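This is a predicted model, so every value here is computed, not measured.
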Amino acid sequence: MKERNCLSAEEVEAQKVSVARMRDRNDRVYAETGARPQAFVLTLGCQQNEADSEKIAGLCEAMGYTITPTPDAADLIMVNTCAIREHAEQKALSLVGQYKHLKAKKPSLMIGVCGCMVVQEHRREELKHRYPYVDFVFGTSSLHRFPQLLCEKLEKGKRLFCPEESEYLVAEGLPIRRESNYRAWVSVMYGCNNFCSYCIVPYVRGRERSREMGEIVKEVAQLVREGYKDITLLGQNVNSYGKDLEGNGDFADLLYELDKLEGDFWLRFMTSHPKDASRKLIDVMASSRHIAHQFHLPMQSGSDAVLRAMNRRYDTAKYLEIVDYMREKMPDVTLTSDIIVGFPGETEEDFSDTLAMLERVKFDMLYSFIYSPRKGTPAAEMVQVEQKTKNERFDRLLALQNAIATEKNQPLVGQTLRVLCDGVSKNNAALYAGRTEGNKIAFFEGVPEDTGTFVEFVVERADAFALYGKKVSR
Ligand code: SAH
Ligand code: SF4
Ligand code: F3S
């Protein structure tokens, strides 16, 4: 393994010692009470955070905890936070606030807060002073230190606020407790170098670092052997994958290697930055066996002036060039995007340009966000758009997108599609829900055995958000 961007062998060993100590401690509890201590892991934010939480849960199990789905009877609560918008931070703080009464009832309860929000000094200070029952805090560079911090807190009693590492490294070999046994996340790289002017991620996740291709191929091959059917490769900008590793190959090369694996599975990835989405990548996708014809390509705005102010380093012409090439090579591709409404300085004309791009591109789905100023980012210092205008534009954007998505889904009526079933729908207990190759939601009447398998599905009806139909065979 390359020493350059990975944790040192000594660091990995030191963590194993803490894991073993915690395991002894929890085994003794088990011997005395007949029950294992319980850990509850709560995740806010993006898939990257979900993937990190699966490592936190994996470490909890290695330390002798069982994972519980609710905080009420937990002996350890971990809150993995997000900082992308103000709302995410407020949610994290409010949840941590709610755990105060659990700690009052059970003083031995340990509460840890980790993830993107707590990399920021002002949030650490807030937790230190206003949430005195929080036991330990560590940011995204120190996830691997979790066992050591917990162990030290339990043995010495002092609250711990772990400083961020001077360098953000790749930690291989951490145990992973996956949430699903048929869908999986695989991080291929961490961090971001792009510094889009509105975004906090580069400040809270450090610079880009890639995992070695061999490590990723090994992990994905293992997942396929275990029967995983839908595997998503994760990175803030997967198109930069490999640039920091000499002789490793780029993201298209990685996809090419993974596509060679035998098995019945879909491979996806997110997120791609339009500034370096290459034709080579699209060519590999188009001729692949396993890569889903689905592309998430955040546009953010349809105005070139706003894109410049956002420091996105592409313009609408470049964006359209990628979309057109992609549709030429994969006419069935499902295209989704992220849009920010109300970026500082966004005029009515800029916003109209965004609506015009929506009409031109016709995305299958959009994730739209109202701009939220992030402390320490350049855009937070710019002249802000009024809240009322932001809300009004947001509603107009949604209305247009709903009409487009409804229209885009109609040609699917009558088609037979493969759907990976997720079990009984969370919103309608009479139906089963699943996802198509294009990642569209499909509803149908199913049976419990469908969960985690591919079913053939005929589309009978479609609206902006989902497809409704019948299962035709198993
Ligand atoms: N790395 C990915 C996105 C990560 S964040 C990319 O570059 O596309 C996910 C989305 O959150 C972004 O695409 C953006 O649309 C949105 N976002 C980021 N910062 C934001 C902010 N300050 N306010 C509102 N939305 C934001
Ligand atoms: Fe944020 Fe831009 Fe990096 Fe995406 S590419 S994480 S939006 S800075
Ligand atoms: Fe949030 Fe961190 Fe992801 S800020 S969106 S959890 S990278």
Side-chain angles (χ1 to χ4, degrees), residues 7-29 37-44 49 51-65 67 71 74-83 92-93 95-96 99 102-103 106-121 123-129 131-177 190 204-206:
L7 278 187
S8 71
E10 295 81 49
E11 183 68 54
V12 175
E13 275 316 302
Q15 291 309 316
K16 284 191 184 150
V17 171
S18 301
V19 169
R21 281 165 85 134
M22 284 303 303
R23 174 105 217 166
D24 282 349
R25 197 183 172 102
N26 287 334
D27 282 353
R28 278 199 301 278
V29 175
Q38 299 181 32
F40 172 68
V41 183
L42 185 123
T43 314
L44 298 159
N49 249 21
D52 284 352
S53 282
E54 290 185 343
K55 290 181 181 153
I56 290 167
L59 285 165
C60 286
E61 278 190 341
M63 290 188 284
Y65 288 93
I67 302 297
D75 300 281
L76 167 66
I77 294 180
M78 295 301 301
V79 185
N80 193 6
T81 62
C82 170
L93 293 170
L95 281 162
V96 174
Y99 300 144
L102 293 178
K103 182 93 167 191
K106 189 198 268 185
S108 65
L109 167 66
M110 287 284 115
I111 300 178
V113 185
C114 61
C116 294
M117 182 182 86
V118 301
V119 175
Q120 306 169 99
E121 202 47 48
R123 292 298 185 197
R124 272 171 190 254
E125 286 301 307
E126 199 172 344
L127 284 170
K128 209 176 266 181
H129 301 297
Y131 300 80
Y133 51 91
V134 167
D135 294 287
F136 60 104
V137 167
F138 58 90
T140 56
S141 70
S142 332
L143 190 147
H144 59 280
R145 287 192 190 279
F146 162 42
Q148 185 193 335
L149 293 164
L150 175 61
C151 195
E152 207 177 311
K153 171 68 182 75
L154 279 166
E155 287 172 1
K156 301 196 180 135
K158 231 174 107 208
R159 299 175 82 199
L160 294 165
F161 285 75
C162 180
E164 284 301 285
E165 307 284 328
S166 53
E167 204 185 354
Y168 283 63
L169 296 168
V170 174
E172 289 290 355
L174 294 178
I176 301 176
R177 179 187 187 273
Y190 305 90
V204 296
R205 287 228 169 231

Is there side-chain contact between Q15 and L174, with heavy atoms separated by less than 4.5 Å? no
Test log, rule side-chain contact (heavy atoms from CB on, under 4.5 Å), inputs E164 and T140: CA-CA 8 Å; E164 284 301 285; T140 56; 4.2 Å; yes
For A74 versus K106, what's the shortest heavy-atom pair and its separation? O-NZ, 3.0 Å
Supply the atom-to-atom distance R145 CZ to L143 CG, rounded to the nearest 0.5 angstrom. 11.5 Å
I want to check something: taking the side chain as every heavy atom from C-beta on, are R205 and N49 in contact at a cut-off of under 4.5 Å? yes
For the CZ atom of R177 and the OG atom of S53, what is their distance to the nearest 0.5 Å? 11.5 Å
Closest non-hydrogen atom pair, P71 against L102: O-CD1, 3.7 Å
Less than 4.5 Å apart, any side-chain heavy atom of E126 and any of M117? no
Listed partners of F40 passing ring-ring contact (aromatic ring centres under 6.0 Å, His included), at least two apart: none
Is there side-chain contact between Y99 and V79, with at least one heavy-atom pair below 4.5 Å? yes
Just so I know, are the side chains of L44 and L95 near enough to count as touching, which here means a heavy-atom distance under 4.5 Å? yes
Tell me, please, which residues at least two apart from E152 pass side chain to side chain donor-acceptor pair (under 3.5 Å). none
Does any part of the side chain of F161, heavy atoms only, come nearer than 4.5 Å to the side chain of L127, both counted from C-beta? yes
Kindly compute the distance separating CD (E61) from CD1 (I176), expressed to the nearest 0.5 Å. 12.0 Å
Please report the shortest heavy-atom distance between C60 and A39, naming the atom on each side. SG-CB, 3.9 Å
Smallest separation among heavy atoms of P163 and S142, with atom names: O-OG, 3.8 Å
Report the C-alpha separation of L93 and R123 in whole Å, then their side-chain angles, then the decisive distance to 0.1 Å, and conclude whether the side-chain contact (heavy atoms from CB on, under 4.5 Å) test is met. CA-CA 9 Å; L93 293 170; R123 292 298 185 197; 3.7 Å; yes
Quick one: CG on L150 to CD on E155, what's the gap to the nearest 0.5 Å? 9.5 Å
Taking all non-hydrogen atoms of both residues into account, name the closest pair between P147 and M22 and its distance. O-CG, 4.4 Å
Would you please test V137 and R159 for side-chain contact (heavy atoms from CB on, under 4.5 Å) and show each step? CA-CA 9 Å; V137 167; R159 299 175 82 199; over 6 Å; no
Flag the pair E165 / F138 as yes when at least one side-chain heavy-atom distance between them is below 4.5 Å, and no otherwise. no
How long is the gap from CE on M78 to CG on L42, to the nearest 0.5 Å? 11.0 Å
Got a sec, which residues hit side-chain contact (heavy atoms from CB on, under 4.5 Å) with R23, two or more places apart in sequence or on another chain? D27, R36
Identify the heavy atoms of A171 and L7 that sit nearest to each other, and give their distance. CB-CD1, 3.6 Å
If you measure from CD on E11 to CG on L169, what distance do you get to the nearest 0.5 Å? 9.0 Å
Please walk me through it: do K103 and D135 pass side-chain contact (heavy atoms from CB on, under 4.5 Å)? CA-CA 11 Å; K103 182 93 167 191; D135 294 287; 2.5 Å; yes
Does the side chain of C114 reach to within under 4.5 Å of the side chain of F146, using non-hydrogen atoms? no
